[in-house]
Protein chains: 2
Amino acid sequence: MAMKRLTRQRKAVLDVVQKARNHPDAAWIYQEVRKIVPSISLGTVYRTLEALVSEGQIAVLARAGEATRYDANPVPHHHLICERCGEIVDLEVELPDLLAPARAAYPELTIHEAKVEFRGLCPACRQTLRS
Amino acid sequence: MAMKRLTRQRKAVLDVVQKARNHPDAAWIYQEVRKIVPSISLGTVYRTLEALVSEGQIAVLARAGEATRYDANPVPHHHLICERCGEIVDLEVELPDLLAPARAAYPELTIHEAKVEFRGLCPACRQTLRS
DNA sequence: TTTCCTGCAAACTATTTGCAATCTA
DNA sequence: TAGATTGCAAATAGTTTGCAGGAAA
């Protein structure tokens with residue numbers, strides 16, 4: 001898929017994803033984009049998302065048994081997944097270097113990047129469980 | 001799902017997953033288990049895997065656009081995902097502590113564990129690209 | 001105009017579920 | 001025997017795709 005033309009559909013999908021704060025899935029994006037381009041189809045949403053991903057403009061997130069989610073921030077960063085509600089929280093924290101120790105332990109691998117997935121509770125769920 | 005009885009099916013599924021070296025998906029497990037219990041259905045494989053996961057005997061791995069994979073090792077550990085062939089390699093390396101810095105930066109979160117997902121090339125693909 | 005893109009609907013893949021029959025404890 | 005578990009088949013959910021018409025360059 002080339003997807004080089006800047007159509008209304010494409011503009012709207014990118015816009016919705018970039019403004020979303022919640023790592024949305026295709027169904028949510030579709031619903032939102034229809035407020036801008038009511039005639040858009042779900043197929044076009046999928047095609048556009050795929051194009052944006054392969055261009056490196058957005059990133060994908062996978063969770064077993066759930067729909068694929070999209071992340072407006074294509075720069076590698078860390079996440080916390082809430083064990084209670086499934087929400088994905090971005091973590092902007094600076095962490096110790098992981099590449100050096102991993103490369104030292106596994107010289108037979110080529111390692112390009114490291115992303116950390118934390119498990120725990122988001123602020124809302126933590127509050128709920130505490131009360 | 002209770003799944004308290006030790007049936008032939010259940011024994012075979014657990015056995016296959018534990019002996020697998022390759023983080024297999026349900027279809028692969030189904031195919032292997034049929035060599036032991038030919039009459040087993042794919043539905044039973046899914047039900048059994050779900051039970052094993054919720055009992056903490058095995059773990060799940062998700063990749064966008066791919067079938068869910070199962071990991072015989074339920075103890076949190078790190079993975080490298082090969083960018084070329086998609087293979088998932090276990091990394092047994094000891095890494096610097098990630099929980100402390102993350103907790104310090106995000107006191108509003110409860111953080112239970114951290115798993116690292118490395119991206120790069122598995123030994124085989126590295127070799128291929130090099131030649 | 002030319003080629004890419006879109007909407008629609010059908011097709012697919014992975015996974016789940018209802019139910020009657022069958023086993024385990 | 002009682003109740004959990006199975007096989008089967010149908011049902012879902014998410015995603016992809018072929019095609020003819022429509023729109024961007």
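Being a predicted model, the structure only gives us computed values, none of them experimental.
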(request) Take B/Gly65 and B/Val37, find for each the nucleotide of DNA chain D with the closest heavy atom, and name the residue whose nucleotide sits nearer the 5' end. (result) B/Val37
(request) Specify the residue among B/Gln9 and B/Gly43 whose closest nucleotide of DNA chain D lies further upstream toward the 5′ end. (result)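 Between the two, 5'-proximity favours B/Gln9.
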(message) Any side-chain N or O of B/Ser39 below 4.0 angstrom from OP1/OP2 of D/dG7?
(response)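 It does, given that an N or O in the side chain of B/Ser39 lies less than 4.0 Å from OP1 or OP2 of D/dG7.
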How close or far is atom [atom2] of [N] from atom [atom1] of [X], stated in whole angstroms?
X: A/Arg63; N: D/dT15; atom1: CZ; atom2: C1'; answer: 19 Å
X: A/Ile40; N: D/dG22; atom1: CD1; atom2: P; answer: 18 Å
X: B/Trp28; N: C/dT15; atom1: CH2; atom2: C1'; answer: 20 Å

(message) How long is the straight-line distance from OH of B/Tyr106 back to CG of A/Leu91, given to the nearest 0.5 Å?
(response)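 Between atom CG of A/Leu91 and atom OH of B/Tyr106 there are 4.5 Å.
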Polar pair under 3.5 Å, donor/acceptor by atom type, side chain [X], base [N]:
X: A/Arg47; N: C/dT6; result: no
X: A/Arg69; N: D/dG14; result: no
X: A/Arg5; N: C/dC5; result: no

(message) Both A/Arg8 and B/Arg8 contact DNA chain C. Taking the nearest nucleotide for each, which residue is further toward the 5' end?
(response) A/Arg8
(request) Could you say whether B/Tyr46 or B/Leu6 is positioned toward the 5' end of DNA chain C, judged by the nucleotide with the nearest heavy atom to each? (result)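 The residue whose closest nucleotide sits nearer the 5' end is B/Tyr46.
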Under a 4.0 Å threshold between the charged nitrogen and the carboxylate oxygen, would [Y] count as salt-bridged to [X]?
X: B/Arg47; Y: B/Glu50; value: no
X: A/Lys19; Y: A/Asp15; value: yes
X: B/Glu117; Y: B/Lys115; value: no

(message) Please pick, from C/dT15, D/dT6, C/dG7, the nucleotide with the shortest atom-to-atom distance to any side-chain atom of B/Thr7.
(response)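 Closest of the options to the side chain of B/Thr7: D/dT6.
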(message) What's A/Leu42 touching, base or sugar-phosphate or nothing? Going by heavy atoms closer than 4.0 Å.
(response) base
